[in-house]
Amino acid sequence: MNRSETREKGYFGEFGGSFVPQSLQEVLDLLEESFLKYKDDDDFNLAYKACLKDFVGRENPLSYAKHLSEDFGGPKIYLKREDLNHTGAHKINNVIGQILLAERMGAHRIIAETGAGQHGVATATACAMFGMDCSIYMGEVDMKRQSLNVFRMELLGAKVIPVTSGQGRLKDAVDAALGDLVENYESTFYLLGSAVGPHPFPSMVKHFQAVSSEESKRQILDKEGQLPAAVFAVTGGGSNAIGAFAHYIDEPSVRLIGVEPEEAATMTEGTPAVIHGFKCLLLQDSEGNPLPTHSIAAGLDYPGIGPEHSQLKTSGRAEYYTVSKKEVLEAFQLLSRKEGIIPALESAHAVALAKNLAHEFTSDQAVIINISGRGDKDVEQVFDMLR
Ligand SMILES: *Cc1c(COP(=O)(O)O)cnc(C)c1O
């Protein structure tokens, strides 16, 4: 396969692609070749499903939220419980898929980037289970702010490498990890954490996260005998949302609804640009530099968004809205009190928007809210904010 074919395949409308130096492109071409080979391989898929069942704890439930439905006064609300996965969020689905691919490709060493630490912890967890050497790149500033996650990764046997270049944040950690990959690609696999980056990462991450909607579609048909009227999911880089949408994209009766923070409103205010080797909607200043974001949910602090979301928005297939910090804090408490589920602050964004839009649905319709993670990591922060 030559380079131009590869690049065309990585496009979602005008978004996506691969804007990287030739040395990295060669590594990505190898990765694409392996992904295409194994994604439909029976043995590979058996191993993936077995690992999701025995290690991650899938399938996770689609829970009917009776009290929340009553409170919203609109449709029946169902919650897809990615919070019940091992390590407490959806990120592990993608990590397991990619680490199995790394094993098939003969890699002995895994590297990853992390911002808040969630993807780093999920990667370190899987590396411990697979007996792989693990190095996590993390901005020096982020390491100070998330010292407990640094300790978690170290407990799990990973090496956390401080990145001092640039602002010492997530963007610089991605650049450092890409540099490592180019130098060590024969032994090393770069396990990227969201549906972003150059081709084939967005398609690969979607493939492994799509297990969420594969399950929820079966579960909702079983419980309701009909498709959901809508699926709500929060978008940071876009991986939990694209996984929650995947099996409904070709079902025009299902509204696909993405939610973002007012403080990081990529889909609402972003314009097309290239970041980290791919084209997407981006929050940028007049000179084209990425703007800093300030979400209360650390997992949403990314100025870009996956290319497929950029295209789903432009084509009108999916809708994207913002919610305020205040609405998120209310939703965080509401789900805790009404349903006994403390959600991640990220996931509380989706709950907040479902409340705002509940009046657009009727009581004989059902909607799904993707609960991307559990809120234990956020309890102390919310305690401080509410005081
Ligand atoms: C990381 C994270 C997100 C945001 O990442 P996406 O790639 O947009 O899914 C959302 N929810 C939780 C719980 C997370 O840990």
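Here the structure is a predicted model, which is why all the values come from computation and not from measurement.
Applying the ring pair (Phe, Tyr, Trp, His ring centres under 6.0 Å) rule to pairs touching residues 51-98 yields Phe55-His86, Tyr64-Tyr78, sequence neighbours excluded. The side-chain hydrogen bond (donor to acceptor under 3.5 Å, both in side chains) pairs that include a residue from residues 93-105 are Arg58-Asn93, Glu82-Asn93, Asn93-Gln209, Asn94-Gln98, where partners are two or more places apart or lie in different chains.
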Donor-acceptor contacts under 3.5 Å from residues 110-119 side chains, at least two apart:
from: Glu113; atom 1: OE1; to: Tyr190; atom 2: OH; distance (Å): 2.8
from: Glu113; atom 1: OE2; to: Gly193; atom 2: N; distance (Å): 3.1
from: Thr114; atom 1: OG1; to: Gly117; atom 2: N; distance (Å): 3.2
from: Thr114; atom 1: OG1; to: Gly120; atom 2: N; distance (Å): 3.0
from: Gln118; atom 1: OE1; to: Asn149; atom 2: ND2; distance (Å): 3.3
from: His119; atom 1: NE2; to: Thr123; atom 2: OG1; distance (Å): 3.4
from: His119; atom 1: NE2; to: Leu191; atom 2: O; distance (Å): 2.9
from: His119; atom 1: NE2; to: Gly193; atom 2: N; distance (Å): 3.4

Pairs of donor and acceptor atoms involving the side chains of residues 172-179, under 3.5 Å and at least two apart or interchain, shall be tabulated with distances.
from: Asp172; atom 1: OD2; to: Gln167; atom 2: N; distance (Å): 3.1
from: Asp172; atom 1: OD2; to: Gly168; atom 2: N; distance (Å): 3.0
from: Asp172; atom 1: OD2; to: Arg169; atom 2: N; distance (Å): 2.9
from: Asp175; atom 1: OD2; to: Lys171; atom 2: NZ; distance (Å): 3.2

List the atom pairs, donor and acceptor, that lie under 3.5 Å between side-chain atoms in residues 262-278 and the rest of the protein, sequence neighbours left out.
from: Thr268; atom 1: OG1; to: Glu260; atom 2: OE2; distance (Å): 2.7
from: Thr271; atom 1: OG1; to: Gln284; atom 2: NE2; distance (Å): 2.8
from: His276; atom 1: ND1; to: Tyr302; atom 2: OH; distance (Å): 2.9

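Ile342 places a side-chain heavy atom less than 4.5 Å from the side chain of Ser336. In this structure, the side chains of Val56 and Cys51 stay at 4.5 Å or more apart for every pair of heavy atoms. Two residues are said to be in side-chain contact when any heavy atoms from C-beta on lie closer than 4.5 Å; Met138 and Ile161 fail this criterion. Looking at Ile220 and Tyr248, their side chains come closer than 4.5 Å, going by heavy atoms from C-beta outward. Lys80 places none of its side-chain heavy atoms less than 4.5 Å from the side chain of Ile369. In this structure, the side chains of Glu215 and Asn60 come closer than 4.5 Å at one or more pairs of heavy atoms. Residues Leu62 and Ile368 form a side-chain contact, since some pair of their non-hydrogen atoms from C-beta on lies under 4.5 Å apart. Pro261 has its side chain out of reach of Thr322: every pair of non-hydrogen atoms, C-beta onward, lies at least 4.5 Å apart.
Between Phe44 and Phe208, the ring-plane angle classifies as tilted under the 30° and 60° cut-offs.
A donor-acceptor pair under 3.5 Å links the side-chain atoms of Ser34 to the main chain of Leu30, judged by distance alone. Judged by distance alone, the side chain of Asn240 and the main-chain N or O of Lys91 form no donor-acceptor pair under 3.5 Å. A donor-acceptor pair under 3.5 Å is formed between the side chain of Asn45 and the backbone N or O of Lys39. Not one N or O on the side chain of Ser147 forms a donor-acceptor pair closer than 3.5 Å with the backbone of Met143. A donor-acceptor pair under 3.5 Å is absent between the side-chain atoms of Ser239 and the main chain of Ser194, judged by distance alone. At distances below 3.5 Å, not a single donor-acceptor pair connects side-chain atoms of Lys206 with backbone N or O atoms of Ala246. Although no hydrogens or angles enter the test, the distance criterion places no donor-acceptor pair under 3.5 Å between the side chain of Ser18 and the main chain of Pro198. A distance-only check finds no donor-acceptor pair linking the side chain of Glu308 to the backbone of Phe15 [under 3.5 Å]. Remark: the backbone N or O of Leu353 is not paired with any side-chain donor or acceptor of Glu327 at under 3.5 angstrom.
Residues that satisfy the side chain to side chain donor-acceptor pair (under 3.5 Å) test with Arg145, not counting sequence neighbours, are Asp142. By the side chain to side chain donor-acceptor pair (under 3.5 Å) test, Thr293 is found to be paired with Asp301, residues two or more places apart in sequence or in another chain being considered. Applying the salt bridge (Lys or Arg N to Asp or Glu O under 4.0 Å) criterion to Asp384, with sequence neighbours excluded, gives Arg387. With sequence neighbours excluded, no residue forms a ring pair (Phe, Tyr, Trp, His ring centres under 6.0 Å) with Tyr321. Residues that satisfy the ring pair (Phe, Tyr, Trp, His ring centres under 6.0 Å) test with Phe332, not counting sequence neighbours, are absent from this structure. For the ring pair (Phe, Tyr, Trp, His ring centres under 6.0 Å) test, no residue two or more places apart in sequence or in another chain qualifies with Tyr185.
From Leu181, atom CG reaches atom CG of Leu192 across 10.5 Å, with rounding to the nearest 0.5 Å. Rounding to the nearest 0.5 Å places NE2 of His199 at 8.5 Å from CD of Gln25. Rounding to the nearest 0.5 Å gives a distance of 10.5 Å between CG of Leu345 and OG of Ser372. Distance check: Ser212 OG to Gln219 CD gives 8.5 Å after rounding to the nearest 0.5 Å. For the atom pair OG1 (Thr87) and CG (Asn85), the distance works out to 7.0 Å, reported to the nearest 0.5 Å. To the nearest 0.5 angstrom, Lys325 atom NZ is 11.0 Å from His294 atom NE2.
Each of Lys66, Arg337, Lys355 was compared with Asp71 under the salt bridge (Lys or Arg N to Asp or Glu O under 4.0 Å) criterion, and only Lys355 meets it.
The pair Glu214-Lys49 counts as a salt bridge, with a side-chain nitrogen and a carboxylate oxygen less than 4.0 angstrom apart. We find that Lys37 and Glu33 are not joined by a salt bridge, their nearest charged nitrogen and carboxylate oxygen being 4.0 Å or further apart. A salt bridge does not link Glu319 to Lys313: none of the charged nitrogens lies less than 4.0 Å from a carboxylate oxygen. Ion pair Glu59/Arg218 flagged as a salt bridge, since at least one NZ, NE, NH1 or NH2 atom sits closer than 4.0 Å to an Asp/Glu carboxylate oxygen.
Nearest heavy-atom pair, Gly243 versus Ser213, reported as atom, atom and distance to 0.1 Å: O-OG, 2.6 Å. Between Phe245 and Ala318, the closest heavy-atom pair is CE1-CB, 4.5 Å. Shortest non-hydrogen contact noted between Thr362 and Asp364 is OG1-OD1, 2.5 Å. Contact record, Ala89 with Ile92: O-CG2, 3.7 Å, taken as the closest heavy-atom pair.
Residue Asp42 places its CG atom among 12 or fewer non-hydrogen atoms of other residues, nucleotides or ligands, all under 6.0 Å distant. Around CD of Glu70, the count of heavy atoms belonging to other residues, nucleotides or ligands within 6.0 Å exceeds 12. For Leu84, the CG atom counts as densely surrounded, since its 6.0 Å shell holds more than 12 non-hydrogen atoms of other residues, nucleotides or ligands. Within 6.0 Å of NE2 on His359 lie more than 12 heavy atoms contributed by other residues, nucleotides or ligands.
Phe151 belongs to a hydrophobic cluster whose other members, connected by ILVMFWY side-chain contacts under 4.5 Å either directly or through intermediates, are Leu155.
Two rings, from His309 and Tyr320, have their centers less than 6.0 Å apart.
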Intermediate values then yes/no, side-chain hydrogen bond (donor to acceptor under 3.5 Å, both in side chains), Ser187 and Arg109: CA-CA 6 Å; Ser187 63; Arg109 177 171 173 262; 5.3 Å; no
